[in-house]
Amino acid sequence: MAFISSGYNPDKPMEGRISDIGPRHYTDFLPPVIAKNYGKWAYHEILEPGVLMHKAESGDEVYTVRVGSTRLITVGLIQEICDIADKHCGGHVRWTTRNNIEFMVDSKAKVAPLKADLAARKFAGGSAKFPIGGTGASVPNIVHTQGWVHCHTPATDASGPVKVIMDELFHEFQTMELPAPLRLALACCLNMCGACHCSDLAVVGIHRKPPQIDHEVLENICEIPLAVSACPTAAIRPSKTEFEGKEKKTVAIKEDRCMFCGNCYTMCAALPLADSEGDGCAIMVGGKVSNRISNPKFSKVVVAYVPNEPPRWPTLVKTVRQIVDAYKKGANKYERLGDWAERIGWERFFDVTGLQFTKHLIDDFRDPAYYTWRQTTNFKW
Amino acid sequence: MAKHQTPMLDELTKGPWPSFVDDIKAEAARRAANKDGVEYQIPVDVCDDLLGILELAYKDKETHWKHGGIVGVFGYGGGVIGRYCDVPQQFPGVAHFHTVRLNQPGGKFYTTEYLRDIMKIWDMRGSGLTNMHGSTGDIVLLGTFTEQLEEIFYEMTHKLNTDLGGSGSNLRTPAECMGMSRCEYACYDTMALCYALTNEYQDELHRPAFPYKFKFKFDGCPNGCVAALARSDLSFVGTWKGAIKVDQKAVAAYVAGELKPNAGAHAGRDWGKFDIMKEVVNLCPTQCMSYDGKTLSINDKECYRCMHCINTMPVALKVGDEKGLCMLAGAKAPILDGAQMSSLLVPFLPVEEPFDEIKEVVENIWEWWMEEGKNRERLGETLKRLGFGKILEVTGITPDARHVQHPRENPYIFWSAEEVGGWDRDIKEYRKRHAR
């Protein structure tokens with residue numbers, strides 16, 4: 001493994017340096033039919049689950065086959081995607097915001113061979129490499145975060161729970177039987193790199209035990225004032241302690257004030273929260289971003305805690321299925337999960353999903369909590 | 001024979017959804033075989049060790065990645081995330097596992113030539129693992145050693161004319177919906193605006209000078225496919241003024257069942273015959289539509305452009321001709337004081353190159369936030385702390401009823417001295433009228 005230089009000279013880092021050039025211009029990459037009809041699209045149709053046809057004002061058509069993909073993806077698999085795109089799509093391919101891959105062709109005749117090629121490709125264990133679906137009133141691919149694959153603050157994994165949930169909802173990914181799209185997200189901690197707070201159904205990793213204090217090193221690796229000010233509930237204060245006969249500067253934590261957000265650990269590596277027994281997932285539902293029919297809205301916590309049960313998180317999967325089935329059965333056409341829950345009432349939501357309402361689901365964080373309590377006699381039995 | 005036994009992860013090779021475990025195993029085998037004779041610059045068995053450390057996390061139900069690690073490329077304060085594992089003796093291939101963020105091309109369109117070129121560099125100098133794409137939108141090259149960072153940056157900039165993305169307290173890599181490239185709803189050219197602002201603000205993107213992270217996202221219409229409203233400090237959402245364009249013949253075709261409602265999005269279930277009254281007119285949130293059996297009428301002045309009727313009958317209805325965007329400010333995830341969505345700031349701006357009006361709003365906001373924002377305070381939190389009135393003041397935008405869902409419910413108004421004829425008075429004069 002001899003070191004191979006790119007041409008970079010560490011003694012003269014500025015020599016020939018190129019910086020601040022930004023991304024490549026998108027016009028370098030557009031398929032010809034897209035470039036030609038840019039801004040002149042007339043309408044689209046979903047011909048079947050996972051297959052879209054966009055009609056241009058010119059009469060041109062572009063056919064898109066959408067496939068689900070893992071967000072965590074290897075060089076080898078991307079090379080295979082390139083092979084497919086070279087063979088069928090003139091060397092063009094794109095990804096969607098939700099980690100789907102879109103293969104585009106410029107005539108209907110090219111769709112069937114492309115689909116057949118994609119559907120035939122399997123991983124060693126038998127799972128699909130390129131499942132076709134994720135359009136219309138379906139469960140499209142889950143947006144998610146890194147989890148135990150790469151992150152230092154997670155309370156759960158990401159790729160694993162996503163895999164088992166999508167295994168469970170595979171039929172809903174490949175069909176369009178739901179009342180409306182059901183967008184899922186998963187974030188492995190409250191930092192929510194995955195924007196769970198406005199999803200139809202979201203899984204969020206949560207901690208439930210206060211940080212441990214690594215007194216031995218805290219004063220060396222943390223700015224104590226930053227750790228103190230990081231706490232939203234003022235549970236952390238500067239302190240001193242004796243450690244192995246020496247006085248150390250450290251912090252003290254009022255544990256009953258902790259809401260387990262983990263912000264202190266972000267600021268101070270000597271305050272870890274991760275705990276196999278404490279950590280797990282909350283389930284949130286009913287959020288949306290689209291302005292269609294009703295305003296965008298936040299997701300609500302309907303299950304306060306599900307334990308981490310690797311490798312296949314059976315309780316989590318079962319609970320997600322319960323919610324999806326109740327929604328599928330009860331909602332009207334075009335009705336997003338949150339709109340359905342509001343129409344029938346959240347008390348009825350717990351009836352029909354069979355989820356248990358617990359004290360943990362009543363908001364007690366700051367002023368906005370009041371606005372979530374019920375100031376009316378209008379409720380259902 | 002796999003380097004590490006992974007009985008728990010092997011359970012994730014089952015089931016129909018693509019298995020990341022099988023993909024990584026195949027990558028480990030591909031690197032070991034090395035058919036192309038690549039001179040790997042980091043351990044060949046990095047993928048094996050990644051599976052090994054992930055199996056350990058599954059067993060322990062705790063992550064094995066250490067906190068922090070300040071690494072990067074010379075002159076930039078972002079774009080690389082340092083990562084080290086806490087069990088390097090056991091898994092030396094992932095002892096360093098730094099991430100490189102590359103700024104993705106607009107709309108995430110690629111040629112295979114470009115993708116292969118990126119992969120060639122990453123194959124040699126990294127783990128062979130990526131995220132396509134990170135939550136913010138970047139191409140994420142996942143896992144390499146410190147000594148490869150400058151080499152990767154040099155090759156990406158010199159050979160592929162490609163720059164890093166953002167991280168830390170800077171402008172994060174902006175991202176957009178595919179907009180006009182393949183969508184009839186796009187009210188402005190999201191890709192053009194995203195590209196222009198990304199390049200205009202390269203300094204802000206690479207060199208952290210903000211109180212905290214700052215995100216731009218660009219949605220072409222109120223459907224919000226990139227969730228701009230929920231996850232960007234400045235959300236640019238397409239909209240229009242004036243009348244929705246109606247093709248009455250096509251409306252009749254929907255009513256007659258010749259065209260599938262919602263472009264066929266509900267075709268998997270028998271919802272019965274399309275009923276324009278039930279499915280469009282009565283679901284209109286502003287009740288601004290009517291249908292007399294022949295003609296669909298829209299009282300456009302009362303329409304608030306939610307997109308439902310257009311989504312449901314895309315052949316018959318088109319967004320209006322006077323197109324532009326709304327700017328909304330302040331979205332963020334819950335850390336710290338709870339999640340926020342963006343609040344409407346600019347109800348309408350036309351989108352025309354060189355986008356000067358938009359840049360003026362952006363720069364006025366930054367100037368104020370860099371002055372007033374506390375360390376690690378997102379724009380939305382600064383707004384909550386100092387009030388929405390402040391952002392109107394610094395951007396010079398006239399307060400308007402469109403800025404609120406409803407007027408305030410308390411009369412605790414922060415009147416200024418100028419509004420009330422000054423605050424300096426003489427208590428003696430007062431006492432002449434009112435004995436103590």
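Just so we're on the same page: letters track the sequence lines, and every chain starts at 1.
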Review point. Aromatic ring centroids of F97(B) and W65(B) under 6.0 Å?
Key: yes
Check your understanding: Which answer fits T173(B), side chain, backbone, both or neither, if we ask what part of it has an atom under 4.5 Å from a heavy atom of chain A?
Key -> neither
Review point. Hey, which of I46(A), T70(A), L226(A) has the most heavy atom pairs under 4.5 Å with chain B?
Key: I46(A)
Practice item. Determine, for K25(B) against D10(B), whether the closest basic-nitrogen to carboxylate-oxygen distance falls under 4.0 angstrom. Key: yes
Practice item. Take Y43(A) and H54(A) through the ring-ring contact (aromatic ring centres under 6.0 Å, His included) test and state the conclusion after the steps. Key: CA-CA 6 Å; Y43(A) 62 89; H54(A) 287 81; 9.3 Å; no
Review point. Does the separation of the ring centres of H92(A) and F109(B) fall below 6.0 angstrom?
Key: no
Review point. Of the listed residues (I335(B), L9(B), D23(B)), which shares the most heavy-atom pairs with chain A below a 4.5 Å separation?
Key: D23(B)
Check your understanding: Does the pair K328(A)/E177(A) count as a salt bridge with the N-to-O cut at 4.0 Å?
Key -> yes
Exercise for review: Return the option, out of Y76(B), Y185(B), Y40(B), with the maximum number of heavy-atom pairs under 4.5 Å with chain A.
Suggested key: Y76(B)
Review point. Pick from P285(B), C47(B), G128(B), A175(B): which one has the most heavy-atom pairs with chain A under 4.5 Å?
Key: G128(B)
Check your understanding: Quick one: what part of K129(A) sits under 4.5 Å from any heavy atom of chain B, side chain, backbone, both or neither?
Key -> backbone
Exercise for review: Go through the atoms of Q146(A) and report whether side chain, backbone, both or neither lie under 4.5 Å from a heavy atom of chain B.
Suggested key: side chain
Revision key, fill the gap. If you tally heavy-atom pairs under 4.5 Å between each of L160(B), T136(B), L102(B) and chain A, the highest tally belongs to L160(B)
Practice item. Between chain B and each of G125(A), P31(A), S127(A), count heavy-atom pairs under 4.5 Å; write down the option with the most. Key: S127(A)
**Study point:** Engaged part of V44(B) at the chain A interface, taking heavy atoms whose separation is under 4.5 Å
**Key:** neither
Practice item. Just give me the residue among A85(A), S159(A), G136(A) that pairs up with chain B most often, heavy atom to heavy atom, under 4.5 Å. Key: S159(A)
Review point. Distance under 6.0 Å and angle within 45° of the ring axis: does R24(A) meet both against Y114(B)?
Key: yes
Practice item. Check whether more than 12 heavy atoms from other residues, nucleotides or ligands sit under 6.0 Å from atom CD of E113(B), and answer yes or no. Key: no
**Study point:** F170(A): partners by ring-ring contact (aromatic ring centres under 6.0 Å, His included), with sequence neighbours left out
**Key:** none
Revision key, fill the gap. Residues at least two apart in sequence or cross-chain that pass disulfide (SG to SG under 2.5 Å) with C198(A), listed by chain then number, are none
Practice item. Report the C-alpha distance between W148(A) and H64(B) in whole Å, list the side-chain angles of each, state the deciding distance to 0.1 Å, and finish with yes or no for ring-ring contact (aromatic ring centres under 6.0 Å, His included). Key: CA-CA 7 Å; W148(A) 295 333; H64(B) 280 287; 9.3 Å; no
Review point. Using non-hydrogen atoms only, which part of I221(A) is less than 4.5 Å away from chain B: side chain, backbone, both, or neither?
Key: neither
Study note, to complete from the structure: Bottom line for S19(A): the part with an atom under 4.5 Å from chain B's heavy atoms is both
Point to revise | Contacting region of V62(A) [heavy-atom separation from chain B under 4.5 Å] | key: side chain
Exercise for review: Using a cut-off of under 4.5 Å on heavy-atom pairs, state which of N223(B), T111(B), D203(B) scores highest against chain A.
Suggested key: T111(B)
Check your understanding: Who among T96(A), N141(A), L47(A), N332(A) has the most heavy-atom pairs with chain B under 4.5 Å?
Key -> N141(A)
Check your understanding: Out of A230(B), C284(B), P105(B), which one racks up the most heavy-atom pairs below 4.5 Å with chain A?
Key -> A230(B)
